Amino acid sequence: MSNEQIFNEVKRRRTFAIISHPDAGKTTLTEKLLLFSGAIQIAGSVKARKASRHATSDWMEIEKQRGISVASSVMQMEYRDCVINLLDTPGHQDFSEDTYRVLTAVDAALMVIDAANGVEPQTRRLLQVCRARNTPILTFVNKMDREVQEPLELMDEIERELGMGVVPFSWPVGMGKVFGGVMDLRKEQMRVFSPGEDRNRDDDEIIEGLTNPVYAERFGAAYEHAKHDIELVREAAPAFDEAEFLAGHQTPMFFGSAINNFGVREVLDALVDLAPAPGGRPAIQREVTPEEPKFSGVVFKIQANMDPAHRDRIAFVRVASGHFERGMRLKVTRSSKELRPNTVVSFLSQRRELLDEAYAGDIIGIPNHGVLQLGDTLTEGEPLQFTGLPFFAPEMFRTVEVADPLRTKQLKAGLQQLGEEGAIQVFRPVAASMLLLGAVGQLQFEVVAHRLEHEYGVKARITSSRFQVARWITCDEADGGERELKRFIDANSHRVAYDAVDAPTVLVEYAPELRAIEANWPKIKFHALREHAGLVFQKQLDG
């Protein structure tokens with residue numbers, strides 16, 4: 001394939017993640033974006049735990065039971081001659097590691113804000129990750145059909161809390177029971193609100209002009225209030241600056257009600273018009289540009305048992321450059337093993353389709369049995385290693401043992417797969433037989449126990465652990481390297497464990513104990529953040 005063909009295909013790609021605090025309506029908006037793009041015909045309900053339909057993006061049994069997202073899911077669709085790769089992330093902070101890794105695979109983010117609650121804690125954390133990577137962000141203020149905060153207050157809060165300039169692309173007329181619709185400030189027209197949940201309608205009423213006398217007659221005080229706000233906003237708000245947006249310093253803001261399909265099409269159009277096509281990605285060796293003819297990609301997620309009947313393991317790969325073709329020879333840089341994947345798939349959540357080709361920006365799924373790990377780089381032969389896939393030191397620890405000793409083998413197999421997947425961090429203590437689990441939040445332990453029972457047929461006893469702090473350990477060659485590291489491990493075997501990629505970790509009960517160890521072993525380096533196996537960084541993300 002010619003470089004020009006690859007270039008044209010790359011320019012058609014838009015790859016973005018949806019981020020928000022739990023219950024802001026993120027998964028509902030995901031459904032409606034699929035609906036408006038034509039990828040699905042009827043949206044699933046995420047309101048009732050026992051609903052016969054569930055969100056297309058929520059495929060795990062536990063997600064359907066609780067009405068929450070606990071795993072990131074990938075969906076591809078076409079809209080206006082663009083190929084859109086949409087990644088729905090868990091909103092709950094207990095699954096933030098999965099979300100952070102997904103954010104390394106996208107070129108933009110869509111931030112969903114609950115208009116009643118404004119900027120919430122998880123929104124701040126996720127935005128910090130986006131800002132650290134200069135990820136462009138679009139903002140959708142949801143639930144305008146309810147009694148919510150004043151739009152000007154929300155705009156001020158976003159600017160103040162998130163440190164970004166806000167440029168309203170639309171403005172609401174009323175809220176709650178008197179929500180009349182939104183003014184499109186760029187097209188100078190109003191889309192009139194009418195409730196309706198499931199189906200994609202193209203018959204929304206449009207009123208032309210920002211000062212049409214019809215507004216005052218139909219919407220009364222709500223219009224007068226909105227008119228005053230719009231005048232203020234047009235005077236005070238900055239003009240949209242594409243460079244500032246692409247640098248993550250300015251965000252276009254839209255209003256709507258995802259559950260009622262309102263404001264969704266405007267967001268979808270903005271993603272096509274404003275979000276960037278795939279850009280270059282840093283590897284240790286060099287910068288890789290998307291238009292290069294040779295294929296390269298990085299594994300940013302592994303999911304076990306998407307199809308429990310087949311005990312499958314899917315590696316989610318973000319294509320970084322070149323043209324992928326089914327059956328082509330690929331090399332895993334870490335292990336130097338060769339792959340010839342013939343059953344590569346694209347996704348609409350749990351629905352899969354065999355894929356023949358892909359380009360930079362696309363997310364492809366490669367079924368494998370442990371050959372691929374999180375952070376692995378795949379190329380046509382060049383020894384590249386992409387950077388930036390984070391693993392955070394756990395904040396909570398539990399011991400785990402099998403209730404039925406005859407199922408020990410299944411427990412170890414299940415935990416190995418869930419550890420490699422990144423659903424939980426699994427540690428093998430040097431001087432003890434009982435495995436340790438590490439997590440960011442309590443809900444991770446509950447999900448792992450549920451998945452062990454329902455996907456691997458193992459009832460596990462998860463009990464408290466004395467450990468509270470973990471740090472990965474390394475030693476520079478100049479300070480003795482492997483020999484000094486082995487000396488440390490031998491001397492501290494009662495508190496050292498290995499993780500899923502055999503990275504040595506020191507576990508302690510209290511932070512002062514860690515400080516004492518650091519003082520006694522000045523040549524050993526202690527890390528709260530590590531990347532892919534062997535690549536460890538001391539610097540943590542702010543917050």
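These figures come from a predicted structure and were not determined experimentally. Just so it is clear, the values below take in all heavy atoms, side chains as well, and ignore hydrogens, waters and symmetry mates. Nothing fancy with the numbering, it's 1 onward along the sequence.
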From CA spacing to verdict: salt bridge (charged side-chain N to carboxylate O under 4.0 Å, His left out), Glu9, Arg12
CA-CA 5 Å; Glu9 288 294 338; Arg12 293 178 61 215; 3.0 Å; yes

Please determine whether salt bridge (charged side-chain N to carboxylate O under 4.0 Å, His left out) holds for the pair Arg329 and Glu338, giving the CA-CA distance in whole Å, both sets of side-chain angles, and the decisive distance to 0.1 Å.
CA-CA 7 Å; Arg329 290 183 183 274; Glu338 273 203 357; 3.2 Å; yes

Apply side-chain contact (heavy atoms from CB on, under 4.5 Å) to the pair Tyr498 and Val430, showing each step before the final yes or no.
CA-CA 7 Å; Tyr498 291 93; Val430 170; 3.6 Å; yes

Quick one: do Leu418 and Leu452 satisfy side-chain contact (heavy atoms from CB on, under 4.5 Å)? Show the steps, please.
CA-CA 9 Å; Leu418 294 175; Leu452 283 171; 4.1 Å; yes

Before you tell me yes or no, could you show the steps for Lys409 and Leu411 under side-chain contact (heavy atoms from CB on, under 4.5 Å), namely the whole-Å CA-CA distance, both residues' side-chain angles and the distance that decides it to 0.1 Å?
CA-CA 5 Å; Lys409 184 177 179 182; Leu411 174 71; over 6 Å; no

Kindly determine whether Val317 and Val344 satisfy side-chain contact (heavy atoms from CB on, under 4.5 Å), including the steps that lead there.
CA-CA 10 Å; Val317 176; Val344 176; over 6 Å; no

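Counting only distance, with no hydrogens or angles, the side chain of Glu518 and the backbone of Phe526 share no donor-acceptor pair below 3.5 Å. Remark: side-chain polar atoms of Asp479 are not paired, donor with acceptor, to backbone N or O of Cys475 under 3.5 angstrom. A donor-acceptor contact shorter than 3.5 Å is absent between the side chain of Asn520 and the backbone of Ile517. Checked by atom type and distance alone, the side chain of Glu380 never pairs as donor or acceptor with a backbone atom of Gly322 at under 3.5 Å. Using modelled atom types, one side-chain atom of His454 and one backbone atom of His450 make a donor-acceptor pair closer than 3.5 Å. Not one N or O on the side chain of Ser321 forms a donor-acceptor pair closer than 3.5 Å with the backbone of Val319. Checked by atom type and distance alone, the side chain of Thr333 pairs as donor or acceptor with a backbone atom of Leu384 at under 3.5 Å. With hydrogens and angles disregarded, a donor-acceptor distance shorter than 3.5 Å links the side chain of Asn368 to the backbone of Leu372. Here the side chain of Gln417 pairs no donor or acceptor atom with the backbone of Gly414 at under 3.5 angstrom. Without hydrogens or angle criteria, Glu159 side chain to Val166 main chain gives a donor-acceptor distance under 3.5 Å.
Ile18 CD1 to Leu87 CG: the interatomic distance, rounded to the nearest 0.5 Å, is 9.5 Å. Interatomic distance, Asp107 CG to Thr135 OG1, rounded to the nearest 0.5 Å: 8.5 Å. One finds the CD atom of Glu291 at 9.0 Å from the CG atom of Asn3 (value rounded to the nearest 0.5 Å). Separating the CZ atom in Phe392 from the CZ atom in Arg101 is a distance of 8.5 Å, to the nearest 0.5 Å. Atom CD of Glu509 is separated from atom CG of Leu514 by 12.5 Å, given to the nearest 0.5 angstrom. To the nearest 0.5 Å, the span separating CZ on Phe324 from CG on Asp362 amounts to 10.5 Å.
For the pair Leu110 and Leu29, the minimum side-chain heavy-atom distance is below 4.5 Å. Put simply, the side chain of Leu437 reaches to within 4.5 Å of the side chain of Ile462, judged on heavy atoms. By the 4.5 Å heavy-atom criterion applied to side chains, Leu378 and Phe386 are not counted as neighbours. Within the 4.5 Å cutoff, no side-chain heavy atoms of Val496 are placed close to those of Pro429. Two residues are said to be in side-chain contact when any heavy atoms from C-beta on lie closer than 4.5 Å; Lys412 and Val402 fail this criterion. You'll find the side chain of Leu507 stays beyond 4.5 Å of the side chain of Gln468, heavy atoms only. Counting heavy atoms from C-beta on, the side chains of Val448 and Glu446 never come closer than 4.5 Å. Counting heavy atoms from C-beta on, the side chains of Gln250 and Met164 never come closer than 4.5 Å.
When only modelled atom types and interatomic distance are considered, Thr399 and Thr463 share a side-chain donor-acceptor pair under 3.5 Å. A donor-acceptor pair shorter than 3.5 Å can be found between the side chains of Thr289 and Glu292.
Minimum heavy-atom separation, Gly361 to Thr15: O-OG1, 2.5 Å. Residue Arg334 comes nearest to Asp376 through the heavy atom pair NE-OD1, 2.7 Å, listed as atom of the first residue, atom of the second, then distance. Shown here for Trp472 and Ala528, the closest heavy-atom pair between the two residues is CZ3-O, 3.9 Å. Residues Ile137 and Thr251 share a closest heavy-atom pair of O-OG1, 2.8 Å. Here the shortest heavy-atom pairing between Met434 and Val400 reads CG-O, 3.4 Å. The two residues Ile424 and Ala439 come nearest to each other via the heavy atoms CD1-CB, 3.8 Å.
Paired with Asn85 under the rule side chain to side chain donor-acceptor pair (under 3.5 Å), one option of Gln76, Arg14, Arg318, Arg13 passes, and it is Gln76.
Pairs passing the salt bridge (charged side-chain N to carboxylate O under 4.0 Å, His left out) check and including a residue from residues 383-405, sequence neighbours excluded, read Glu401-Arg461. Sequence neighbours left out, the pairs with a member in residues 484-505 that pass salt bridge (charged side-chain N to carboxylate O under 4.0 Å, His left out) are Arg428-Asp502, Glu484-Arg487, Lys486-Asp490, Arg495-Glu513, Asp499-Arg530.
Atom CZ of Arg483 has 12 or fewer neighbouring heavy atoms from other residues, nucleotides or ligands inside a 6.0 Å radius. Counting heavy atoms of neighbouring residues, nucleotides and ligands inside a 6.0 Å radius, atom CD of Glu4 does not exceed 12 of them.
Shown here are the side chain to side chain contact (heavy atoms under 4.5 Å, CB included) partners of Arg124, two or more places apart in sequence or in another chain: Val119, Pro121, Glu161, Leu162.
Note: Phe295 and His323 fail the aromatic proximity criterion, with ring centroids not under 6.0 Å apart.
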